[in-house]
Amino acid sequence: MDLGLTGRVALVTGASKGIGAAIAAELEAEGARVARSSRSTERFAWDTTDVDGAGPLVDEVERELGPIDVLVCNTGGPPPGDPLSFTREQWETAHRSLVLAPMALVERALPGMRERGWGRVVNVASSSVREPIAPLILSNTHRSAIVAGFKTLARQYAGDGVTFNTLLTGRIATDRLRDNYGSLEGAEQAARTQVPAGRLGTAEEMAAAAAFLASDRAGYVTGETLAVDGGLLQSV
């Protein structure tokens, strides 16, 4: 299937490893010109808690690669813990990273997408958006907020050829899951009985879904959340 991404310019944040790196690789394999951003990247370095740095990042990418057609907003999640144990600073940091930062990227990239009549914005969130996970109150709260924001934007700009969609991660074999379970082997063992598919998902499976949402083929899909979870979620 030709996804129509050849020559498109994409910016993927949080792309040094895990899901972000896999999405960047998948878009490149489809012919896109991809800027990979992360805290550790030298070329397009950006920390998602640095909201003021979002605009300069977009400007830098567009100077080097051209106008951004595909924006993938991805970042690591806040720490787990007792729901009432987090400081106000931790709440504010999570809000900057998961809500304000993606919105700042959108604010800078969207005008060009609208002018050209084509754009794809994909947010990487979590299954906790639909079914909150007990120790992840920071993620539950703020990821739900940006999904609601993307739904609002999707309705506002659908007529301009720009789509806004969100991927929900299930149990994907990443460093974060390893940290939550102590090891990927432990997470895999739990998945055998807790996930209907009987296994963990891979970053590459997340990337395949992201590439579709970023494609020409998905032009009539907007404002949606797509769970890549092996059937884990029980809600409709």
Side-chain angles (χ1 to χ4, degrees), residues 1-15 19-20 22-24 26-27 30-35 37 48 54 58 61-62 66-75 98-131 139-170 172 201 205-229 233 235-236:
M1 179 187 295
D2 181 6
L3 296 182
L5 288 170
T6 299
R8 297 288 189 188
V9 174
L11 168 59
V12 182
T13 65
I19 292 169
I23 292 174
E26 185 75 11
L27 294 177
E30 292 293 335
R33 304 171 64 200
V34 180
S37 172
T48 54
V58 171
V61 171
E62 295 197 330
I68 293 173
D69 302 300
V70 177
L71 173 62
V72 179
C73 302
N74 173 62
T75 186
L98 298 179
V99 180
L100 298 183
M103 284 303 303
L105 291 170
V106 168
E107 287 167 2
R108 185 58 65 94
L110 180 60
M113 292 178 177
R114 295 181 65 199
E115 183 178 343
R116 295 185 300 277
W118 199 97
R120 301 287 185 267
V121 185
V122 180
N123 180 46
V124 180
S126 166
S127 62
S128 67
V129 166
R130 290 191 192 163
E131 295 178 6
S139 182
N140 298 343
T141 303
H142 296 297
R143 291 194 189 280
S144 296
I146 194 61
V147 168
F150 265 41
K151 185 69 171 182
T152 305
L153 295 171
R155 291 177 58 82
Q156 182 73 25
Y157 299 110
D160 296 324
V162 183
T163 66
F164 292 82
N165 293 291
T166 298
L167 288 173
L168 305 182
T169 62
I172 307 298
E205 288 171 317
M206 287 290 299
F212 171 70
L213 292 177
S215 73
D216 264 338
R217 298 283 185 139
Y220 205 58
V221 180
T222 192
E224 291 302 316
T225 55
L226 173 61
V228 184
D229 70 344
L233 289 174
S235 57
V236 176

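Worth saying up front: this structure is predicted, and the values here are computed from it rather than measured.
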Exercise for the section: Would you check, one step at a time, whether the test side chain to side chain contact (heavy atoms under 4.5 Å, CB included) holds for V9 with V70? Expected result: CA-CA 6 Å; V9 174; V70 177; over 6 Å; no
Problem - Working for side chain to side chain donor-acceptor pair (under 3.5 Å), residues T75 and T48 - result: CA-CA 7 Å; T75 186; T48 54; 3.1 Å; yes
Practice task
Show your working on salt bridge (charged side-chain N to carboxylate O under 4.0 Å, His left out) between R217 and D2 and close with a plain yes or no.
Solution key: CA-CA 8 Å; R217 298 283 185 139; D2 181 6; over 6 Å; no
Practice task
I would like to know whether S37 and V12 meet side chain to side chain contact (heavy atoms under 4.5 Å, CB included); could you show each step before the answer?
Solution key: CA-CA 6 Å; S37 172; V12 182; over 6 Å; no
Practice task
Report the C-alpha distance between N165 and L213 in whole Å, list the side-chain angles of each, state the deciding distance to 0.1 Å, and finish with yes or no for side chain to side chain contact (heavy atoms under 4.5 Å, CB included).
Solution key: CA-CA 7 Å; N165 293 291; L213 292 177; 3.9 Å; yes
Practice task
Go through the steps for V124 and C73 under the test side chain to side chain contact (heavy atoms under 4.5 Å, CB included), then give the verdict.
Solution key: CA-CA 6 Å; V124 180; C73 302; over 6 Å; no
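Under the 4.5 Å side-chain criterion, counting only non-hydrogen atoms from C-beta, L71 is in contact with V106. Within the 4.5 Å cutoff, the side chain of V122 has no heavy atoms near those of the F150 side chain. In this structure, V221 and E224 have side chains that are in contact, with non-hydrogen atoms separated by less than 4.5 Å. Between T163 and V121 there is no side-chain heavy-atom pair separated by less than 4.5 Å.
Shortest non-hydrogen contact noted between A125 and L168 is CB-CD2, 3.9 Å. Looking at every heavy atom in both residues, A218 comes nearest to F212 through CB-O, 3.1 Å. L226 and A209 get closest at one heavy-atom pair: CD2-CB, 4.0 Å.
The side chain to side chain donor-acceptor pair (under 3.5 Å) check on S139 picks up R143, with sequence neighbours excluded. Residues meeting the side chain to side chain contact (heavy atoms under 4.5 Å, CB included) test with D229, sequence neighbours left out: A227, L232, L233. Legend: residues meeting side chain to side chain donor-acceptor pair (under 3.5 Å) with R120, ordered by chain and number and at least two apart, are absent. R33 is linked by a side chain to side chain donor-acceptor pair (under 3.5 Å) to nothing, counting only residues two or more places apart in sequence or in another chain. Every residue meeting the side chain to side chain contact (heavy atoms under 4.5 Å, CB included) condition with T141, not counting sequence neighbours, appears here in chain and number order: W91, I137.
The closest donor-acceptor contact from the side chain of E131 to the backbone of S235 lies under 3.5 Å. Side chain of E62 to backbone of I68: a donor-acceptor contact under 3.5 angstrom is found. When atom types are taken as modelled, the side chain of N123 and the backbone of V72 share no donor-acceptor pair closer than 3.5 angstrom. Between the side chain of T225 and the backbone N or O of T166 there is no donor-acceptor pair closer than 3.5 Å. With hydrogens and angles disregarded, a donor-acceptor distance shorter than 3.5 Å links the side chain of N74 to the backbone of G14. No donor-acceptor pair under 3.5 Å is formed between the side chain of D69 and the backbone N or O of R8. Distance alone, capped at 3.5 Å, is enough to place a donor-acceptor pair between the T222 side chain and the F164 backbone.
Residue pairs meeting the side-chain hydrogen bond (donor to acceptor under 3.5 Å, both in side chains) criterion with at least one member in residues 150-160, sequence neighbours excluded, are R114-D160.
Taking CE of M206 as the start and CD1 of I172 as the end, the distance is 5.5 Å to the nearest 0.5 Å. Considering CE of M1 and OG of S215, their distance stands at 7.5 Å, rounded to 0.5 Å.
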